[in-house]
Amino acid sequence: MSAAADLSDRIAALEDREALRDLMQRYARAADAKYTADLKLRDAKSVAQAAAEQAACFAEDAAWSAGQFGGELRGRAAIAAFFETSPWSYALHQYVCPEITLDGDTADLRWRLLEIGCPQADARVVLLAGVVAQTCRRTAEGWRITSMRFDVLQEIELADNRNAVTCLIPKKGQAA
C-alpha cells in the first residue's frame, strides 16, 4: 500500500469515528429535547418530534435491548414509539469514553453512560451509570445504529425530592 493510500485510509477512519461520535451526540440531544430545564416533560407534540429525531439515529431494521428499562424492540418505528412514552419527567444524557472498532461499513462501539434523571413515577433525582454496546452501519442516510444494548445499568439515588436540583442557567422565566 502506498503512503498516500495509507494516509487516505487513516483520514477516512478518523472521519468515520467523528461521524459515529456525532451520531451519538444527536441521539443524546434528541433524547434530552423532551424535557425542560426546570425538570418537566415537554408537551406531547415536542416529545413526539424529539422521539422521531432520536429514532432517526437508528437503521430501519435496528434492535434495541434494555432489559427492564425498555425491553426488546425491533425496527425504527417500534423504537420511536417507545421513545415517545418516556418514563422520565427529566433526563440529561452523557455518552462518554467511546471505544470504536471499525470494519468497513460497520462499527462496534461501547459507551459509558451517565444520565441524570427524574422518574415520572416519583419525586426522586437519580443518576444512571452504565455501559452501552452498539453496532452501527453506514447507510444511504449516513451512519446509523443497527443494535443498541445496555450491558450494565445502575441507578444511584441522588435525592428524594426534585427541589434538591437548582437550575442555574437558564434562570426561571428564560427559554431552555
Side-chain angles (χ1 to χ4, degrees), residues 12-37 39-121 126-155 176:
L14 289 171
E15 289 174 340
D16 285 341
R17 289 174 186 280
E18 282 305 306
L20 289 160
R21 286 183 185 99
D22 288 348
L23 173 66
M24 201 57 181
Q25 290 310 308
R26 283 194 315 273
Y27 170 89
R29 183 177 57 247
D32 296 343
K34 299 174 206 168
Y35 315 100
T36 67
L39 312 182
K40 293 188 174 101
L41 188 63
R42 292 191 187 277
D43 63 273
K45 182 179 177 185
S46 297
V47 170
Q49 180 179 345
E53 290 171 14
Q54 189 179 5
C57 295
F58 289 82
E60 288 291 342
D61 60 348
W64 161 279
S65 178
Q68 30 179 195
F69 179 69
E72 306 286 329
L73 303 170
R74 286 246 172 238
R76 186 186 284 173
I79 293 168
F82 170 72
F83 290 157
E84 279 192 57
T85 60
S86 175
W88 305 101
S89 62
Y90 178 78
L92 182 65
H93 298 73
Q94 299 293 317
Y95 288 92
V96 299
C97 303
E99 300 171 37
I100 302 170
T101 304
L102 294 167
D103 185 12
D105 288 337
T106 62
D108 291 316
L109 300 93
R110 288 177 63 81
W111 298 91
R112 303 289 185 211
L113 168 65
L114 298 171
E115 177 184 342
I116 299 287
C118 297
Q120 284 191 25
V126 299
L127 171 66
L128 295 180
V131 177
V132 177
Q134 292 177 322
T135 301
C136 294
R137 178 177 69 230
R138 190 187 326 264
T139 71
E141 297 175 293
W143 284 100
R144 293 294 180 265
I145 302 164
T146 56
S147 70
M148 186 165 175
R149 179 184 76 241
F150 292 77
D151 286 345
V152 175
L153 190 59
Q154 298 165 324
E155 180 181 287

Do [X] and [Y] come close enough that some side-chain heavy atom pair is under 4.5 Å?
| X | Y | value |
| --- | --- | --- |
| I100 | D16 | no |
| T101 | D103 | no |
| S86 | Y35 | yes |
| C136 | L23 | yes |

Give the minimum heavy-atom separation between [X] and [Y], together with the two atoms involved.
| X | Y | answer |
| --- | --- | --- |
| W88 | L128 | CZ2-CD1, 3.5 Å |
| T139 | R144 | OG1-CG, 3.7 Å |
| L73 | F82 | CD1-CB, 3.5 Å |
| L20 | A107 | CD1-CB, 3.7 Å |
| R137 | A59 | NH2-CB, 3.4 Å |
| A31 | H93 | CB-CE1, 3.5 Å |

Distance check, rounded to the nearest 0.5 Å: [X] atom [atom1] versus [Y] atom [atom2]?
| X | Y | atom1 | atom2 | answer |
| --- | --- | --- | --- | --- |
| M148 | Q134 | CE | CD | 5.0 Å |
| S89 | Q120 | OG | CD | 6.0 Å |
| D22 | E15 | CG | CD | 11.5 Å |
| I145 | M24 | CD1 | CE | 5.5 Å |
| Q54 | Y27 | CD | OH | 4.5 Å |
| R112 | L114 | CZ | CG | 10.0 Å |

Practice item. Answer yes or no: are there more than 12 heavy-atom neighbours, outside R26 itself, under 6.0 Å from its atom CZ? Key: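 Yes - once you tally the heavy atoms of other residues, nucleotides and ligands closer than 6.0 Å, there are more than 12.
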
Taking [X] for its side chain and [Y] for its backbone only, find out whether a donor-acceptor pair lies under 3.5 Å.
| X | Y | result |
| --- | --- | --- |
| K34 | A91 | no |
| T146 | T135 | yes |
| R149 | S65 | no |
| R110 | V131 | no |

Exercise for review: Tell me, with the steps shown, if W64 and F150 meet ring-ring contact (aromatic ring centres under 6.0 Å, His included).
Suggested key: CA-CA 9 Å; W64 161 279; F150 292 77; 5.4 Å; yes

**Study point:** Short side-chain donor-acceptor distance under 3.5 Å, D43 and S46
**Key:**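 The criterion, which ignores hydrogens and geometry beyond distance, is satisfied for D43 and S46.
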
